[in-house]
Structure formats: C-alpha cells, structure tokens
Amino acid sequence: MASGDETRVAIVGGGVAGIACAQSLVANGFGKRVDIYDQGSRGPGGRTSSSRPVEVNGETMAFDHGAQFFTADDPKFKAVCEELKAKGYVARWDGVFGTLNAFDGVFIPKRRVETAGPPRRDFFKLLTADEVLVGVPTNQALCEGLRALAGDDVTAHWHTTVTGLDRDASGKTWSVSGVNKRRLDEGQAGSKEKRLSGRNAAVVVCDVMAARKGTPGTCAVTGLPDSGDAANAWAAFANPKVPERVGLFSCMLAFDAAAPKPEFDAAVVTGSDVINLLVRDSSKPGRVKRKDGLERWVAVTTIEYAERTIASAPLTVDGEYNPQTAEYFANIEPGIVNEARRILGVACGDDDGEYPAPHHAKCQRWGAAYHSGAVGEGVPGGVCFFDMDAGFGMAGDFVQGPGVEAAWLSGEAAGRATVR
Ligand SMILES: Cc1cc2nc3c(=O)[nH]c(=O)nc-3n(C[C@H](O)[C@H](O)[C@H](O)COP(=O)(O)OP(=O)(O)OC[C@H]3O[C@@H](n4cnc5c(N)ncnc54)[C@H](O)[C@@H]3O)c2cc1C
C-alpha cells in the first residue's frame, strides 16, 4: 500500500465484515484515518441490524429481522466476542432450541438434533452449538460493539451510499463519491452525488451488492487495471450467480401476552413449505420488557418459498430496484402470517391452528440473505481479496461463506492484508 499522505482507507459497507476490517486495520497498527460508509440510516449492522422501531400500544418495539443468532468457533473471533460480552454488547442465549414438526407439533430438543459437520450454509444448525450468542439489547449491538472496539481512528458515515470509486491517473490513490441520506427506494444515483473523500491509499468493498447492477448499493469503479486479481474479482462478482445469492423473507410478529406459549424459544421447522425457522425474539437475553407483555416472534421462510415468491414479485423491474412497499407485500404477508399462526397453534396442541391474530406483523425481504458457493466456504481462517498493486479489496460473507462469523473472519483478513 502507498505510504505518505495517502494512507487513508475507505471501507464500503458497515456490516460485520466492514467493521471487522476497520477494527483489524486499527488492531494491526494502521494508525491513520479509516472511513466506513454504509447506506443504512440507523448505524452499523447490515444484515445483523434490528428493524426500524414501531409503536404498538404506545410503546416502541424492534426485532432482530436478519441474522437471528451466531456462534464463535475461531479463536480470534471468540476472543472478540468475550470482550464484547464483558462490555455488555453480546450475551450467551441459553434458550430452549430444537426442531419442530409443523404437522404434529412434536418438538425435539437440540441435544437430539443431528449435529454432524460445521454449520456453514444452514446457519440454523448453529442452534446446536454449545454456546449460542446474540447482541444486547438487539443483534445490532454486535456491530455497535465492534465499532466501539475499533476506536476513534475510525470515522463512520451512516446513511451514505457510495456510488463511485475512482482510482486517479497516478494509480496511487482512490477517491470516493456518493449520496447522503438516500432512501433505498429512491432509485440509483442522481444529481445529489458528491465527492466524499480523496487520497485513499486503499478501498475495501464489503458487500457484493456494490458490484451488481440494479441493487441499492450499485457502485461504479473506474481506474482498475485491465487485468489482475482486483479487476478479475470485480468483474466476476458482477454476475449474480458468482456466488449465487439466496433470498429469504423474515416476518416480525407480536402476539398478545395471553396467547398460548410453545415450549421452545427457537425451532427449526420441518414439514412447512413456507417457514423454516421460528424464533421467540422476546426471549433473548437483555431484551426490553414491555408493560403489555407482548411476545415478539420472528419467522424466517424456507429458501424454496422465497424463490417462488421472488419469481413472481422480483427484486428488480426493468433493471431498477423493486422497493419493499406495502403494495409489494399485500399478497405475500398474509400467507406467511397465517402459516406462522398455524404452526404456533399446532405447537401449542391446537390442531385447528386457531392461534390468535398478531397485534403487529411486518415482513422484510432479503434478496441476498446469504450466498451459496463462495470461494472461501469451509476454508479455515479468513479469506478475502486484496490486490496490493491496485489498493483494492473485497470482503464479506460473499467471499467467505454465509454467517456472522464468516463475515467477521473475511473482514478481519482484509484489514490485515491492507496493512501489509
Ligand atoms: C433473514 C436472515 C437470517 C440470518 N440468520 C443468520 C443466523 O442466524 N446466523 C448467522 O450467523 N447468520 C445469519 N444470517 C446471515 C448473516 O446475517 C450474514 O452472513 C452476515 O451478517 C453478512 O455480513 P456482511 O458484513 O458480509 O454483509 P452485510 O451485513 O450485508 O453488510 C454489508 C453492508 O454494506 C452496505 N452497502 C452495500 N453497498 C453499499 C454502498 N454502495 N454504499 C454504502 N453501503 C453499502 C449494506 O447496506 C450493508 O449494510 C442471516 C441473514 C438473513 C438475511
């Protein structure tokens, strides 16, 4: 990497990978300014962020609507999680976990769930781990904690979409341009685009969305060499099948305090062609206790359901991002809510599925919940792309494989590669 004045580093994306990259730069003695840009309006998190708070019965509530829980196997990530636990950002979740049959309501506790092999693609198997972790008071606290560990050399720019990365003619530095406060449904970059920073010795892109057209994060890169690792990786990732994205829907539900209580806190659901996971969000440690006692649940759909649904309600229309409006969900939400009620009813011994209607229900679409077939999937240690000559890197779960821990490992590796 170039030395001298041009030693700033810009990171695109403030999810687990982007913040791990920043933290790793600092921990490995980078000692100069690091800027993280993320288009999210409510701080760091990406797919670990919590939902926008909603008011129900005069009290606000938020849900973990993306990643539900995580584990730490790698010694470095484990050490970071221990530090975050000590500082109160992360906690161990000793819930009742297992598998639920959606036909007969039989619940098998986790000790009898098949545990072979490391949980990679199917991160719901993480529930069988010895220690299951969550952020406190929501999963977003994981990234807030990582951000706090990174310290003051890291400047965060939330609600800032990077739309252009330009390498100057000398090939030594990058400038970053983008748009402040753009709503995800506002379409692509327009006249409000401005230069955000210059003289960056390196840029690290921590979301594959940036490389792809028709996403809320689409970003133009100019000045990459015609060939080489960086140019090849950037060109390859423009293809939505490299690695293949896997979509999911999550549905946030709040039920009356008097509603029947299933015996589990999180269950992988079998036998439903709509729902794959049910999580009692309000049973996680450190969650806000409500006066009205509403129970918060999150249902995550099956991959097949998401594929079918996205086929008829696509992510893009005429090459433009298709926003997640009430109209978009009008024909989707009732089916997910009704199936969640049916399964909860069966789980509570009511075969007619007469589980009460929720006080609140809202769906979220995840066009790329995770990626299947990433080059680093299953590879021990951190995997990232970093082209020293170009000062250009890429990291995230699309490089390392699905899950919070994989994203952290990839980001951490990118920070180390950049300092080198
Ligand atoms: C419904 C669901 C359930 C899941 N459950 C689990 C689970 O239980 N356990 C588990 O371990 N994992 C789970 N995952 C997967 C896990 O959330 C991800 O693997 C991980 O969070 C990915 O982190 P990341 O940093 O690579 O990407 P992200 O979290 O996606 O971060 C990338 C960030 O970059 C931002 N960005 C993109 N382009 C731009 C741009 N041009 N300018 C500015 N910002 C930009 C994005 O907005 C985003 O905030 C789940 C995911 C989903 C969706």
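Just so it is clear, the structure is predicted and the values come from calculations on it, not from any experiment. Counting starts at 1 for both ligands and their atoms, following the listed order.
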- [ ] Just jot down the ligand 1 atoms closer than 4.0 angstrom to any heavy atom of Ala407, in number order.
- [x] 22 (C), 23 (O), 24 (P), 26 (O)
Task: Met209, portion touching ligand 1 at heavy-atom distance under 4.0 Å - done: side chain
Open item on the list: Checking contacts here: is it the side chain or the backbone of Phe69 that comes within 4.0 Å of ligand 1, counting heavy atoms only? Could be both or neither.
Closed with: both
Task: For Ala17, the ligand 1 atoms whose distance to one of its heavy atoms is below 4.0 Å - done: 25 (O), 26 (O)
Task: Thr218 and ligand 1 - part of the residue with a heavy-atom distance under 4.0 Å - done: neither
Task: Distance-only N or O hit between ligand 1 and Gln39, under 3.5 Å - done: yes
Task: Geometric class of the Tyr37/His157 ring pair [parallel <30°, tilted 30-60°, perpendicular >60°] - done: parallel
Open item on the list: As an exercise, identify every atom of ligand 1 less than 4.0 angstrom from a heavy atom of Val16.
Closed with: 25 (O)
Open item on the list: Checking the N or O distance criterion of under 3.5 Å, is ligand 1 in contact with Thr161?
Closed with: no
Task: Thr71 contact mode with ligand 1 (heavy-atom cut-off under 4.0 Å) - done: neither
Open item on the list: Can you name the atoms of ligand 1, numbered from 1 with element, that are less than 4.0 Å from a heavy atom of Val404?
Closed with: 10 (C), 11 (O), 12 (N)
TODO: Pick whichever of Gly66, Ala20, Gly43 has a heavy atom sitting closest to atom 3 (C) of ligand 1.
DONE: Gly66
Task: Those atoms of ligand 1 less than 4.0 Å from some heavy atom in Gly15 - done: 25 (O), 29 (O), 31 (O), 33 (C)
TODO: Check ligand 1 against Gly396 and write out every atom of the ligand that is under 4.0 Å from a heavy-atom position of the residue.
DONE: 26 (O)
Open item on the list: Assess, by modelled atom type and distance only, whether the side chains of Ser51 and Gln364 contain a donor and an acceptor separated by less than 3.5 Å.
Closed with: no
Task: salt bridge (Lys or Arg N to Asp or Glu O under 4.0 Å) against Asp265, all qualifying residues, sequence neighbours excluded - done: Arg280
Task: Per-residue contact class, Cys206 against ligand 1 - non-hydrogen pairs under 4.0 Å - done: backbone
Task: Any Tyr37 heavy atom less than 4.0 Å to ligand 1 - done: yes
- [ ] Consider every N or O of Trp366 and every N or O of ligand 1, then say whether any pair is closer than 3.5 Å.
- [x] no
TODO: Flag Asp38 as yes when one of its N or O atoms lies below 3.5 Å from any N or O atom of ligand 1, and as no otherwise.
DONE: yes
Open item on the list: Closer than 4.0 Å to some heavy atom of Val162 - which atoms of ligand 1 meet that?
Closed with: 40 (C), 41 (N), 42 (N), 43 (C)
Task: Option of least heavy-atom distance to atom 16 (C) of ligand 1 (set: Ala67, Gly18, Ala368, Gly367) - done: Ala67
Task: Numbered atoms of ligand 1 (with element) below 4.0 Å of Thr48, judged on heavy atoms - done: 21 (O)
Open item on the list: Under a plain distance cut-off of 3.5 Å, with no hydrogens placed, do Glu295 and Ser282 share a side-chain donor-acceptor pair?
Closed with: yes
Task: Side chains of Ser50 and Asp64, donor plus acceptor under 3.5 Å - done: no
- [ ] Only one of Leu133, Asn139, Leu142, Leu126 passes side-chain contact (heavy atoms from CB on, under 4.5 Å) with Val404; say which it is.
- [x] Leu142
Task: Modelled atom types, side-chain donor and acceptor of Asp168 and Thr173, under 3.5 Å - done: yes
Task: Flag if over 12 foreign heavy atoms under 6.0 Å of NZ, Lys261 - done: yes
Task: Lys85 and Glu131 ion-paired at < 4.0 Å - done: yes
Open item on the list: I need the single residue from Val269, Asn276, Ile336 that forms a side-chain contact (heavy atoms from CB on, under 4.5 Å) with Thr301. Which is it?
Closed with: Ile336
Open item on the list: Using a plain distance cutoff, I'd like to know if Asp397 has any nitrogen or oxygen under 3.5 Å from a nitrogen or oxygen of ligand 1.
Closed with: yes
Task: Proximity flag Gly45 to ligand 1, non-hydrogen atoms under 4.0 Å - done: yes
Task: Heavy atom of Leu277, distance to ligand 1 below 4.0 Å - done: no
Task: Salt bridge Glu339-Arg342, side-chain N to carboxylate O under 4.0 Å - done: yes
- [ ] Establish, yes or no, whether a centroid distance under 6.0 Å links the rings of Trp234 and Phe392.
- [x] yes
TODO: Mind jotting down which residue pairs meet the salt bridge (charged side-chain N to carboxylate O under 4.0 Å, His left out) criterion with at least one end in residues 234-250? Sequence neighbours excluded, please.
DONE: Lys241-Glu244
Task: Gly40 to ligand 1, any heavy atom closer than 4.0 Å - done: no
TODO: Quick one: sort the Phe70 and Phe77 rings into parallel, tilted or perpendicular, breaks at 30° and 60°.
DONE: tilted
